[in-house]
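Below is one structure, written out as structure tokens, with a few remarks after it.
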Amino acid sequence: MANSEAPEPARGRRVIVLQADFLFHKLAVLMATVVGITLLAAVAAIGYDSWPAIKTFGVLGFLTSSQWDPVSRHFGAYPFIVGTLVSSTIAMLLAVPVSFGVAVFISELAPGWMRQPVSAAVEMLAAVPSIVYGLWGLLVFAPAFANVEPWINDHLGVIPGIGRLFQGPPMGIGMLTAGIVLAIMILPYISSIMRDVFIATPVQLKESAYAMGATTWEVARNVLLPYTRTAVAGGIFLGLGRALGETMAVTFVIGNSDNLSASLLMPGATIPSVIANEFTEATSKLYISSLIYLGLVLIAITLIVQVLAVLLLGSLRRRPGGAA
Amino acid sequence: MLKSRKSQLAGLAIAITATLGASAQAAQGITGAGSTWVYPLVAKWAAVYAKNTGIQVNYQAIGSGGGIAQIEAGTVAFGASDKPLLPSDLAKHGLVQFPTAIAGEDLVYNVPGIGPGQLIVTGPLIADIFMGKVKNWDDPRIARLNPGVKLPNLDITVVHRSDGSGTTFTFANYLSKVSPQWKARIGADTSVDWPTGIGGKGNAGVASYVQRIRGSVGYVEYAYILENHMDYARMLNASGKILSPSLAGFQAAAANVDFTKAQDFYVILTDQPGAASWPISGCTWQILRKNAPKASNAAVIRFFMWGFEKGQAQARSISFGPLPVSTVQAIKVYLKKNLGI
């Protein structure tokens with residue numbers, strides 16, 4: 001009797017589950033399609049609106065021309081492409097090592113009671129709106145940094161070769177300032193991913209290394225990093241994506257000049273900053289179209305970075321220990 | 001559970017209907033879009049106008065470019081631009097334009113030992129500084145104009161606007177008039193290809209850079225000079241008089257223009273003759289469609305006429321100079337002729 005009754009409700013439930021599953025499947029497919037279509041539609045619309053500029057300046061002409069002159073209606077993206085890549089590179093050079101240090105500190109070195117507050121403090125950095133970073137950079141960091149720049153001039157500026165990167169008037173704003181502010185902004189993204197995967201690394205692996213007499217540095221270098229490298233690389237690219245697209249904070253501190261300079265202490269401009277600056281008052285069709293074309297270039301840069309990231313992750317996975 | 005969700009939905013529906021109702025009501029008021037520069041004035045006038053007449057003026061400061069695009073598309077009743085449209089462009093799109101209020105800008109600097117009004121500059125000198133040809137404060141070209149002022153040996157850092165703006169257009173337009181080389185190399189638009197210097201966002205951005213960077217020089221709206229107590233330059237005007245910036249000086253620049261002769265008010269108020277005319281004076285233009293419903297155009301014109309006549313104190317309180325009576329009269333004649341209102 002128990003046998004004859006029991007399957008009945010179970011079968012009914014199964015049907016419901018199957019239907020729900022079917023619906024959920026369709027819904028998920030729909031969502032994914034909508035996201036894809038939205039992206040394609042956005043790119044198509046941007047491409048359409050930038051067509052007048054593409055027709056006028058071509059692709060190579062636009063990418064390599066360093067003249068951005070609204071009066072004579074000649075527009076070239078080169079200074080802004082360089083500015084975007086340089087400011088993001090500075091940010092990565094600063095943020096990646098610091099994030100690594102923060103993550104190792106939280107996962108390996110910090111006493112138990114300190115982990116939570118330090119993690120929370122780092123994550124709070126991500127909660128600060130970028131306009132606040134911009135204002136802070138402009139009103140607090142840049143004046144303080146202007147006092148450091150004469151020292152940079154005197155000590156780094158005299159090194160043969162790379163010295164040229166560190167010469168210029170002490171204005172406190174410029175490419176280097178933008179890179180530093182960006183580094184602070186992307187630090188929480190990179191470090192929290194690193195911290196999570198370091199903590200998730202099996203204790204046996206770490207303990208065995210320590211048992212062999214390894215130092216904390218050796219454990220981090222030879223156990224944590226190899227075990228987690230795909231996730232770590234993913235975190236780094238997440239930070240890079242954010243740095244490339246950051247607009248407001250950069251606009252405030254980069255100095256907004258389309259004159260390229262070898263020195264990192266001199267002002268520059270990035271693609272997002274010039275769009276944000278000039279879009280509202282751009283009065284001619286070609287001007288607006290060129291600004292949208294800049295947006296298309298930024299999408300292309302981000303896409304190239306993404307593809308490189310996927311390729312890199314693929315090659316990391318194929319190496320031993322890359323399974324994570 | 002289901003019931004509460006239903007009631008939530010019903011609540012949402014009511015909220016949406018209410019919002020739509022509200023926006024439909026707002027649409028019965030006056031809508032405008034454009035220049036960020038004139039926004040404080042239109043907003044101030046709109047608040048008082050709504051209190052007095054009950055008519056809402058909804059102005060969106062989306063920028064001059066946006067304002068022109070919106071009025072061409074006919075989505076707003078008026079568009080505002082810091083740069084007048086050429087009479088040929090107006091004719092092509094069936095538009096009319098008239099000036100609104102006058103403002104001015106001046107050079108500000110951060111040079112140790114030189115206070116407000118202590119430095120005298122000319123247009124050609126400003127052009128040379130902003131082209132990077134005069135690089136140091138102790139340059140003889142500055143010294144010649146300022147005998148008795150102790151000019152330090154200090155590099156000049158040029159600060160300009162990073163965002164497109166009517167302020168830049170007015171400034172560059174003035175320099176184009178007084179320096180042939182500026183005109184040939186750089187020209188005038190809401191944003192130009194600056195040969196040197198750093199860009200600050202908005203008047204506030206330029207003001208803050210100038211206040212911080214020793215040896216810097218920039219240009220800002222008069223209101224920002226007053227607000228931030230900045231060191232401003234005195235200027236030599238087109239009639240050879242040395243002036244400090246003032247509302248009276250901006251208005252004098254407009255008063256000397258014969259608007260009845262200028263087609264569609266296409267006059268840029270920089271470098272105007274007259275002993276009292278401030279050289280870097282500017283204006284904002286309101287743009288209307290000829291083929292808009294007459295009631296809509298009439299409502300816009302009533303609002304601005306009210307502002308010209310009753311809103312002068314509000315304009316002055318935010319450093320906008322009211323239009324001279326003669327100009328308002330010329331606008332009335334122009335609108336009668338073109339719109340029949």
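Side chains are part of it too, since the values below use all heavy atoms of this structure and drop only hydrogens, waters and symmetry mates. All chains are named by letter (A, B, ...) in the order of the sequence lines, taking the proteins before the strands, and each is independently numbered beginning at 1.
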Tell me whether B/Asp193 contacts the main-chain N or O of A/Asp69 through its side chain, where contact means a donor paired with an acceptor under 3.5 Å.
no
Pick from A/Asn259, A/Asn277, A/Ile288 with the largest number of heavy-atom pairs that fall under 4.5 Å of chain B
A/Asn277
Could you check whether atom CZ of B/Arg214 has more than 12 heavy atoms from other residues, nucleotides or ligands sitting under 6.0 Å from it?
no
Examine whether an atom of B/Ser64 lies under 4.5 Å from a heavy atom of chain A, and if so say whether it belongs to the side chain, the backbone or both; otherwise answer neither.
both
How far does CG of B/Asp189 sit from CZ of A/Arg73, to the nearest 0.5 angstrom?
6.5 Å
Locate the shortest heavy-atom distance separating A/Val71 from B/Ser191; write the atom from each residue and the value.
CG2-O, 4.2 Å
Sort A/Ala269 into side chain, backbone, both or neither according to what part of it lies under 4.5 angstrom from a heavy atom of chain B.
neither
Do other residues, nucleotides or ligands put more than 12 heavy atoms under 6.0 Å from B/Tyr266 OH?
yes
Which atoms of A/Phe279 come close to chain B, meaning under 4.5 Å heavy atom to heavy atom: side chain ones, backbone ones, both, or neither?
neither
Looking at every non-hydrogen atom in both residues, tell me the closest pair between A/Tyr287 and B/Thr190 and how far apart they are.
CE1-OG1, 4.3 Å
Structural part of B/Phe169 lying under 4.5 Å from a heavy atom of chain A
neither
Where on B/Thr157 is there a heavy atom nearer than 4.5 Å to chain A: the side chain, the backbone, both, or neither?
side chain
Heavy-atom contact with chain A under 4.5 Å, split by part of B/Ser216
neither
Might you point out which heavy atoms bring B/Tyr209 and A/Phe252 nearest each other, and give the distance in Å?
OH-O, 2.7 Å
A/Leu23 atom CG, over 12 foreign heavy atoms within 6.0 Å:
yes
Which atom pair, heavy atoms only, marks the closest approach of A/Ser257 to B/Gly197?
CB-O, 3.6 Å
Using a cut-off of under 4.5 Å on heavy-atom pairs, state which of B/Ile186, B/Thr168, B/Val159 scores highest against chain A.
B/Ile186
With a sphere of 6.0 Å drawn around NZ of B/Lys183, does it hold more than 12 non-hydrogen atoms of other residues, nucleotides or ligands?
no
Mind listing the closest non-hydrogen atom pair of A/Glu278 and B/Ser162 along with its distance?
CG-O, 3.9 Å
Could you list the residues that satisfy ring pair (Phe, Tyr, Trp, His ring centres under 6.0 Å) with A/Trp151, not counting sequence neighbours?
A/His155
Which residue out of B/Ala172, B/Ala69, B/Ala188, B/Gly67 racks up the most heavy-atom pairs below 4.5 Å with chain A?
B/Ala188
Within residues 163-185 of chain A, contacts to chain B at heavy-atom distances under 4.5 Å involve A/Met171, A/Ile173
Does any backbone or side-chain atom of B/Ile62 lie under 4.5 Å from a heavy atom of chain A? Answer side chain, backbone, both or neither.
backbone
Under a 4.5 Å heavy-atom cut-off, does chain A meet the side chain of B/Thr36, its backbone, both or neither?
both
Using non-hydrogen atoms only, which part of A/Ala282 is less than 4.5 Å away from chain B: side chain, backbone, both, or neither?
backbone
Nearest non-hydrogen partners of A/Thr251 and B/Lys201, listed with the distance:
CG2-CD, 3.7 Å
Among B/Pro195, B/Gly200, B/Gly66, single out the residue with the greatest number of heavy-atom pairs under 4.5 Å to chain A.
B/Pro195
